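A short write-up of the structure that comes next.
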Amino acid sequence: MARHLITSALPYINGIKHLGNMVGSMLPADVYSRYLRQRGHDVLYICATDEHGTPAELAAKEQGIPVDEFCAQAHDAQKAVYDGFALAFDYFGRSSSPQNVEITQHFARRLNENGFIEERAIRQVYSPTDGRFLPDRYVEGTCPHCGYDKARGDQCENCTRVLDPTDLINPRSAISGSTDLEVRETKHLFLLQSKLEGEVREWVARHDKDWPQLASSIAHKWLTEGLHDRAITRDLDWGVPVPADTWPELAAEGKVFYVWFDAPIEYIGATKEWSDLDPENRDWKSWWYDVDNDVRYTEFMAKDNVPFHTVMFPATELGVREPWKKVDYVKAFNWLTYYGGKFSTSQKRGVFTDQALDILPADYWRYFLIANAPESDDSSFTWEHFTATVNKDLADTLGNFVNRVLSFSRKRFGDDVPAGGVPGEAETRLGEQIAELLAEYEGHLETLQFRKAAAALRALWSAGNSYLEEKAPWLEIKTDKDGAALTLRTAMNLIHLYAVVSEPFIPTTSAAMRQAFALPADTATWVTPDEAKSLTSVPAGTSFTVPPVLFAKLTDEDLETYKERFGGESA
C-alpha cells in the first residue's frame, strides 16, 4: 500500500477557530486520512498551531501574559476542541518548537549559500515611545479608502484593501497608542523569489492536470503577476531568530523570521517533533527528505492559503537545493460564509468550533460541514439548512433506520440476530445496489470530492430505508415469520456495513453502531463492493443491543434558540 503524507493549513494561534476554518482544511483532511487508514494505507496526518507573528504578540499583550505562555495555553485550548471534533492527527505540533527553529534556520542558511537571500535596507515605522520598529500590524489608524478607524498597517478589515503603514491617517502604535511615530531606515532579509520564478513556473505546470482548478488557477494568477522578492524577517520579540552565525548584525538587533516563511516549514518541523517522541520507531526524514515515489503528499487549505503553498513554499524548497518532498496534490476550498457574510475571528461573527460542540456532538457538525463543503464555490451556513440536514439525513435516514430495525427485532425475536429464511430476489437486488453505491462512494473519496462522497453515503443509508419499506417486516411477520426474520437480519447487516464505511464522516456514531453487535472478532477495517453484496458479516445468533438515539431531531424551538444566540443573518 502507498504511504500518504497529509497536512492541513496550520490554524493561527490567536483564538478558537470558526466553522469555516474547520471545513476549509482540518476536517476534510481528517476524513481523507481516516478513509485511507481504513483501506490499509500507511498514513501520516500532521498539523500544528501557527504561533509566530504580530497577532500572537498583541493577543498576549491584551491578556497581560508573556507571549510564550499565551501560545502554550492557546495551543492546548485549540487541541482540546480538535479532540472534541475527533480529528485523528498523528501529531499536532507547534511552530514555536525547537525542531521548527532548527529546520527554518537551516533553510535560511542554505538559501543564503545558494544566492537566494539578500540583505536590504528599507524604511519602516519607528515608535520612540516604544523604542522599537513597528511591523505592519503594530500600526493602526484610519483607512484612507473607507474611513474605518481601526485599520491595520497591512490591511483594512472593513473594506479589505491592502495597505502600507504609511497609508494610514492618524497612525498610532498598537502597543502604546502613541502617535509619535517616525519613518526610519532598517535592514531586513529578502527571499529573491524573482530568481526562482522560472523553476516555480515549471514545477506548477507539471501539476496542472492533477490539481483542482481552484488551486491551479490561483497559482497561475500569482505567477502571471510575477514573483516579487519578499522580506522574510520582522522586528518582533517572538519568532524564529535569525541565526547569528550567518547574520550577526541582524541577530544582534533581534530580528526574527516572518511568519509566512517559517509556518510552512513547520509541516516538516512538526513531523520531526512526532519522530523525536519515539526515534527508535519513527523516521521523519523518510517522509520528507530524499523520498522515494511511494510517498504521496496531499495538502488541505482554504483558498487564501493557496499562494503560500503552491508558489512561495515551493520556491523556498526549490531554492534550498536539497531533495525535500514537495506537495503532490493541493485540495483547496472556497469560503464557508455565515448567512452570506464573512465568519470573523476578530469580530466574533458566526459559529466557532468550541460553541458548536457546546450545542451538539461533533458528528452532527462533521457530517453537515463535509456534505456542504465549499469545493466548487462558496457555500453558506444557515441554521435553517443545518437543522433540515440534521433532521433529514442523520435523524430520519440513518438514525431512525438503526433504531427501528433493532428495536423491532428485539421486540419480536429477542436479543439475538434472527435466522430467517434464505435470501431472495429483494436481497440480491439490494446487494447489487449497495455494491454500486459503495463503489461510487469509494471513488469520490479517492478523488477528494467530498460533497459527492457525502451524497453517495446518504444514498447508501437511503437504500436501507427503501429495502425496509419494500419488505415491511412489521406486516411480513403476520404471515411469514421467517421472511420477517430474514429482512431484519439483512437490515442489521446493513447497519454494520454503515458503521464501517461511515467512519470517516461520523466516527463516534459509527463506533456506537458497530458496538451494538457482540461480534467475537469484528476486525473489518473496510467493506469492499464485492463483500457488500452478500450482507453476511453479522450472522444469525449474534447478540445485539439497541444503542441510545443516534441523532436527536432538532425542533423549531431549537432553531429559534440558535438564531437568537448567533444571529439569523449576516452582520
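Because the structure is predicted, anything quoted here is derived from the model rather than measured.
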| query | Below 4.5 Å, heavy atoms only, C-beta onward: do Val500 and Gln38 meet side chain to side chain? | reply | yes
| task | Considering only NZ, NE, NH1 and NH2 on the basic side and carboxylate oxygens on the acidic side, decide whether Glu317 and Lys325 come within less than 4.0 Å. | result | no
| Strictly by modelled atom types, are Arg451 and Ser379 linked by a side-chain donor-acceptor pair under 3.5 Å? | no
| Aromatic ring centroids of Phe313 and Phe308 under 6.0 Å? | no
| message | Check whether Lys272 reaches the backbone of Asn100 with its side chain - one donor and one acceptor, N or O, closer than 3.5 Å. | response | no
| query | If we only count heavy atoms from C-beta on, is the Cys47 to Pro11 side-chain gap below 4.5 Å? | reply | yes
| So does Asp378 pair up with Lys303, basic N to acidic O under 4.0 Å? | yes
| Do NZ/NE/NH1/NH2 and the carboxylate oxygens of Glu266 and Arg94 come within less than 4.0 Å? | no
| Quick one: does Thr337's side chain get under 4.5 Å of Phe381's, heavy atoms only? | no
| field | Electrostatic pair Asp90:Arg37 at N-O distance under 4.0 angstrom | value | yes
| message | Centre-to-centre under 6.0 Å for Phe450 and Tyr32, is that the case here? | response | no
| query | Quick one: do the Lys255 and Thr186 side chains pair a donor with an acceptor below 3.5 Å? | reply | yes
| task | Run the numbers on Ser33 and Phe89 for side-chain contact (heavy atoms from CB on, under 4.5 Å), then give the verdict. | result | CA-CA 9 Å; Ser33 298; Phe89 303 116; over 6 Å; no
| message | Any carboxylate oxygen within less than 4.0 angstrom of a Lys/Arg side-chain nitrogen, looking at Asp154 and Arg152? | response | yes
| Sidechain N-carboxylate O distance under 4.0 Å for Arg321, Glu199 | yes
| query | Can the ring centroids of His188 and Phe133 be said to lie less than 6.0 angstrom from one another? | reply | no
| Side-chain donor-acceptor pair present, Ser510, Glu503, cut-off under 3.5 Å | no
| field | Centroid separation Tyr367 to Trp461 less than 6.0 Å | value | yes
| query | Between the side chains of Gln99 and Asp276, does any donor sit under 3.5 Å from an acceptor? | reply | yes
| Can you check side-chain contact (heavy atoms from CB on, under 4.5 Å) on Leu519 and Val538, steps first, answer last? | CA-CA 7 Å; Leu519 291 170; Val538 182; 4.1 Å; yes
| task | Could you check Lys285 against Asp290 for salt bridge (Lys or Arg N to Asp or Glu O under 4.0 Å), going step by step and ending with a plain yes or no? | result | CA-CA 8 Å; Lys285 281 193 172 182; Asp290 198 16; over 6 Å; no
| task | Ignoring hydrogens and angles, state whether a donor on the side chain of Glu273 or Ser97 is under 3.5 Å from an acceptor on the partner side chain. | result | yes
| request: Flag the pair His75 / Phe92 as yes when their ring centroid distance falls below 6.0 Å, and as no otherwise. | output: yes
| task | Determine whether Trp526 and Leu438 make a side-chain contact, defined as any pair of heavy atoms from C-beta on separated by less than 4.5 Å. | result | yes
| query | Does the pair Arg39 and Glu442 meet the rule for a salt bridge (Lys or Arg N to Asp or Glu O under 4.0 Å), with working shown? | reply | CA-CA 10 Å; Arg39 300 306 306 273; Glu442 287 180 354; 3.5 Å; yes
| query | Do the ring planes of Tyr267 and His309 sit parallel (below 30°), tilted (30 to 60°) or perpendicular (above 60°)? | reply | tilted
| Taking it one step at a time, do Trp238 and Cys71 satisfy side-chain contact (heavy atoms from CB on, under 4.5 Å)? | CA-CA 10 Å; Trp238 177 245; Cys71 287; 3.7 Å; yes
| request: Classify the side-chain pair Tyr45/Thr7 by whether it contains a donor and acceptor separated by less than 3.5 Å. | output: no
| request: Begin from the C-alpha positions of Arg132 and Leu236 and carry the test side-chain contact (heavy atoms from CB on, under 4.5 Å) through to its verdict. | output: CA-CA 9 Å; Arg132 62 178 291 176; Leu236 293 170; 4.0 Å; yes
| query | Is the backbone N or O of Phe352 less than 3.5 Å from a side-chain atom of Gln355, with the two atoms forming a donor-acceptor pair by type? | reply | yes
| query | Counting N and O atoms only, with roles assigned by atom type, does the side chain of Asn114 sit under 3.5 Å from a partner on the main chain of Val320, one being a donor and the other an acceptor? | reply | yes
| Leu111 and Leu191, any side-chain heavy atoms less than 4.5 Å apart | yes
| field | Side-chain donor-acceptor contact under 3.5 Å, Glu446 with Tyr35 | value | yes
| request: Could you tell me whether Arg458 and Asp393 make a salt bridge, using a distance below 4.0 angstrom between a side-chain N and a carboxylate O? | output: yes
| field | Glu51 side chain to Thr49 side chain, donor-acceptor N/O pair below 3.5 angstrom | value | yes
| Under 3.5 Å, is there a donor-acceptor pair linking the side chains of His4 and Asp42? | no
| Residue Lys452 excluded, over 12 heavy atoms near NZ under 6.0 Å | no
| message | Between Tyr289 and Trp324, is the ring centroid distance below 6.0 Å? | response | yes
| field | Carboxylate-amine/guanidinium proximity below 4.0 Å for Arg366 and Asp30 | value | yes
| task | Measure the acute angle between the ring planes of Trp260 and Tyr258, then classify it against the limits of 30° and 60° as parallel, tilted or perpendicular. | result | perpendicular
| remark: Those residues at least two apart in sequence (or on a different chain) that pass side chain to side chain donor-acceptor pair (under 3.5 Å) with Trp288 are Thr271
| task | I would like to know whether Glu322 and Arg110 meet salt bridge (Lys or Arg N to Asp or Glu O under 4.0 Å); could you show each step before the answer? | result | CA-CA 9 Å; Glu322 292 176 340; Arg110 292 290 294 160; 3.1 Å; yes
| field | Pairwise side-chain contact, Lys326 with Trp203, heavy-atom cut-off 4.5 Å (strictly under) | value | yes
| field | Close side-chain approach of Thr246 to Asn112, heavy-atom, < 4.5 Å | value | yes
| task | Report yes if some heavy atom in the side chain of Phe551 is under 4.5 Å from a heavy atom in the side chain of Asp363; otherwise report no. | result | yes
| task | Output yes when Glu197 and Arg201 qualify as a salt bridge under the 4.0 Å nitrogen-oxygen rule, no when they do not. | result | yes
| request: Could you tell me whether the side chains of Ser216 and Asp208 share a donor-acceptor contact shorter than 3.5 Å? | output: yes
| query | Using 30° and 60° as the class limits, which term best fits the ring planes of Trp365 and Phe386: parallel, tilted or perpendicular? | reply | parallel
